[in-house]
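Just below is one structure, and these are the notes that go with it.
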Amino acid sequence: MSGNAMHNKASDGVSRRRFITGTSSILGGAILAGHASAAHAAPAQAQTAPIADAARVPALVIGTGYGGSVAALRLAQAGVDVHMIEMGMAWDTPGPDGKIFANTTKPDQRSYWLRTRTKQPLSNFLGFPIDKDIPRYTGILDAEEMGGIIVYQGRGVGGGSLVNGGMAVTPRRENFGAVLPSVNADEMYDVYYPRANSGLGVATVDPAWFDSVDCYQYARVGRKHAQRSGFPFVFVPDVYDWDYMKKEAAGTVPKSALDGEILYGNNYGKKSLQKTYIAQARDTGRVTISPLHKVTSVSPASGGGYTVVIDQLNTSGDTTATKSVTADRVFFAAGSVGTSKLLTRLKATGALPGLNGEIGKGWGDNGNVMCGRANHLWDPTGKVQSSIPCGGIDNWAAGGAFAEVAPLPTGIETYASFYLSITKTPHRAEFSWNAGAGRVDLNWQTAWKQTSIDAAKTIFDKINAKEGTIYRTDLFGTYKIWGDHLTYHPLGGAVLDKATDNYGRLHGYSGLYVIDGALIPGNTSVNPFVTITALAERNIEKIIATDL
Ligand code: FAE
């Protein structure tokens, strides 16, 4: 990180306790009521002063994921006070089990955003459904069902960084032209990708350790099978603290990756945005966050700037107050789906009628498709599996697929190899306003996943033929090979250089910006968050230099 313009005001009396506001309601929530012992008391940043009604702020950021965190940090370092509005919780307070986050194998109310039943990406095991009832709560993982695709997203301070696998992949340079055609690749690879990787704390597993530990047996089996079929196996960098994982394996620290934590948060070793960009933003003393606050409207204010309407939520998801604040500048960083839904509705309902016709277009699923393979009994994948993937099979150039060798951390030997493939997909959906139903729809077609399945098959049909193995059919239903009902990687909906100019400034309104995954037109050839972060670094640098 450059850090040279850092304005650290923490020392001049702006306490960290002011940083995250509005979280006290968490302590009153169903799960935590009466259980927060002194040992589990909230960390210092929890506070009780959410953004005030009628406040005026220089910069308001909607969402606290990658795009929002980069914007907040860099604006603050340039001397601008920033307020971040986050619909999810702060995730800074342990539950009754002493941990902030729930384990993947034991989902509870912390696990899902306002659902009464879990919606696990792997819905079945040995053919049996594994979802279960949970209390409705503002939990961490949203399984949002839109037009026949389930879009998984993180909810809370840190956005997707709270729930993701931390795989931090820079696309191969030769593929970049197709990812962001209007962006100068030299600048990205010389300046902004390195800046993003450094800010995120990206590192690669120690290969010698990888070769020696039980918890990556599944990945070594994945490598062996890939290489025997002639596919390159590549180590994939991650934001997990690899030294911490070594200590987990040695049994000297509390476990998170080696205890199967991933989808519902990671209690120890993962460097989520809370520990990187947001921690740095906090240290400037210029950034405040209101969790459990949801932006519902943005429109031009009569005296200049924008009126932003915000619902304050309780942990049941009910609105407990509605506030109207004024912001000189507004950064849409609500994630691809959140930003696209907001902009589509605001354009259609007259709040921002001057947005152009590209709003809502160019949305894609990054070609995500999952599958498992059944190995022979002499090829076990291991009882203890690190939940952090560290390798992939690269067949992008020949077959349009990049497959992560993913864990199946069940605690028992499954003899299964499991993969999440990112594939080249031509299909793009569009968000539109459904006035009758009062909601935004997405015209995704379930049949569009076939091209992704075909691309993934270029890898796994060949491996199965070589190994004499078959696909697992018990992970996504009673006889279903492909996990083709979901995406972890929503991208697009307010595409760079179309809905916005080439730096994310929304056409039609000065002072409104998009700075998240909505800018990227549907496909990144690899996992997306490093590209989202690098693009945000590029755009905010230009915006600070020319607009402020
Ligand atoms: P995002 O991180 O989604 O942040 C948006 C934030 O805005 C969220 O915190 C929302 O709660 C909040 N929000 C939405 N609407 C509103 C509103 N109206 N008012 C206030 N707040 C709002 O956006 N990517 C990788 O590169 N590597 C991986 O290993 C990886 N694994 C993944 C695993 C899972 C299970 C999931 C779900 C995703 C994974 N991803 C991975 C994708 C990655 O997390 C995602 O691309 C980024 O988080 C998107 O970043 P954005 O800044 O666009």
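Note that ligands are numbered from 1 as they come in the structure, with each ligand's atoms numbered from 1 the same way.
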_Numbering as shown, the atoms of ligand 1 that approach A333 to under 4.0 Å (heavy-atom distance)_ = 5 (C), 6 (C), 7 (O)
*How far is atom 23 (O) of ligand 1 from its nearest protein heavy atom, and which residue and atom name does that atom have?*
G335 CA, 3.3 Å
*What do you reckon, does H293 put a non-hydrogen atom under 4.0 Å from ligand 1?*
yes
*Out of I388, I520, V295, T296, whose heavy atom sits nearest atom 18 (N) of ligand 1?*
V295
*Out of curiosity, L486 CG to I149 CD1, how far, rounded to the nearest 0.5 Å?*
7.0 Å
*Could you check atom 21 (N) of ligand 1 against the protein and tell me its nearest heavy-atom contact, residue, atom and distance included?*
M87 N, 3.2 Å
*Considering distance alone, does some N or O of I62 sit under 3.5 Å from an N or O of ligand 1?*
no
*Could you tell me which atoms of ligand 1, counted from 1 in the order shown, lie closer than 4.0 angstrom to a heavy atom of P528?*
24 (N), 25 (C), 26 (O), 46 (O)
*For atom 38 (C) of ligand 1, which candidate among Y152, F332, Y488 holds the nearest heavy atom?*
Y488
*Starting from the C-alpha separation in whole Å, work towards a yes-or-no answer on side-chain contact (heavy atoms from CB on, under 4.5 Å) for D394 and R172.*
CA-CA 10 Å; D394 187 357; R172 294 171 77 95; 3.2 Å; yes
*Answer yes when R439 and D441 have at least one side-chain N-carboxylate O distance shorter than 4.0 Å, and no when they do not.*
yes
*When only distance counts, is N164 in polar contact with ligand 1, meaning an N/O pair under 3.5 Å?*
yes
*CG on L420 to CZ on F402, rounded to 0.5 Å*: 9.5 Å
_Can you confirm whether some protein heavy atom lies under 4.0 Å from atom 45 (C) of ligand 1, or whether none does?_
no
*How many angstroms lie between OG in S336 and NZ in K341, if you round to the nearest 0.5 Å?*
11.0 Å
_My understanding is that only residues two or more places apart in sequence, or in another chain, count here; which of them pass side chain to side chain contact (heavy atoms under 4.5 Å, CB included) with A455?_
A401, T423
*Establish, yes or no, whether a centroid distance under 6.0 Å links the rings of Y513 and F331.*
yes
*Taking distance alone, with no angle check, do Y66 and ligand 1 share an N/O pair under 3.5 Å?*
yes
_With a 6.0 Å cut-off on the ring centroids, do Y264 and Y112 count as close?_
yes
*Heavy atom of G68 under 4.0 Å from ligand 1?*
no
*Look at atom 10 (C) of ligand 1 and say which protein heavy atom is nearest, naming residue and atom and giving the distance to 0.1 Å.*
R155 NH1, 3.2 Å
*asked:* Against N266, only a single residue in S256, S272, S387 fulfils side chain to side chain donor-acceptor pair (under 3.5 Å); can you say which?
replied: S256
*Could you check atom 2 (O) of ligand 1 against the protein and tell me its nearest heavy-atom contact, residue, atom and distance included?*
G160 N, 2.9 Å
*asked:* So if I count the atoms of ligand 1 from 1 in the order they appear, which ones are less than 4.0 Å from some heavy atom of G159?
replied: 2 (O), 4 (O), 8 (C), 9 (O)
*Which one of N366, I422, N175 satisfies the side chain to side chain contact (heavy atoms under 4.5 Å, CB included) criterion with S525?*
N175
*Any N or O on F529 sitting closer than 3.5 Å to an N or O of ligand 1?*
yes
*Non-neighbouring partners of M87 that pass side chain to side chain contact (heavy atoms under 4.5 Å, CB included), sequence neighbours left out*: W113, R155, K294
*Begin from the C-alpha positions of V514 and L506 and carry the test side-chain contact (heavy atoms from CB on, under 4.5 Å) through to its verdict.*
CA-CA 7 Å; V514 175; L506 273 160; 3.8 Å; yes
*Does W482 have its ring centroid less than 6.0 Å away from the ring centroid of F476?*
no
*At under 4.0 Å between heavy atoms, which part of L263 makes contact with ligand 1: side chain, backbone, both or neither?*
side chain
_Any N/O pair M167/ligand 1 closer than 3.5 Å_ = yes
*asked:* If the threshold is 4.0 Å, N to carboxylate O, is there a salt bridge linking R115 and D142?
replied: no
*Would you mind telling me if ligand 1 is within reach of the side chain of I532, the backbone, both or neither, using heavy atoms under 4.0 Å?*
side chain
*Does E86 reach ligand 1 with a nitrogen or oxygen that is under 3.5 Å from one of the ligand's nitrogen or oxygen atoms?*
yes
*asked:* Can you report which non-hydrogen protein atom sits closest to atom 4 (O) of ligand 1, along with the distance?
replied: G65 CA, 3.4 Å
*Please state which protein non-hydrogen atom is closest to atom 53 (O) of ligand 1 and give its distance, to 0.1 Å?*
G517 N, 2.8 Å
*Should we count NZ of K271 as having more than 12 external heavy atoms under 6.0 Å?*
yes
*In ligand 1, which numbered atoms sit nearer than 4.0 Å to a non-hydrogen atom of I85?*
20 (C), 21 (N)
*Taking N or O atoms only and a 3.5 Å limit, does A518 qualify as a polar contact for ligand 1?*
no
*Looking at G156, which atoms of ligand 1 are within less than 4.0 Å of one of its heavy atoms?*
9 (O)
*Could you tell me the residue and atom name of the protein heavy atom closest to atom 14 (C) of ligand 1, and the distance to it rounded to 0.1 Å?*
A334 O, 3.3 Å
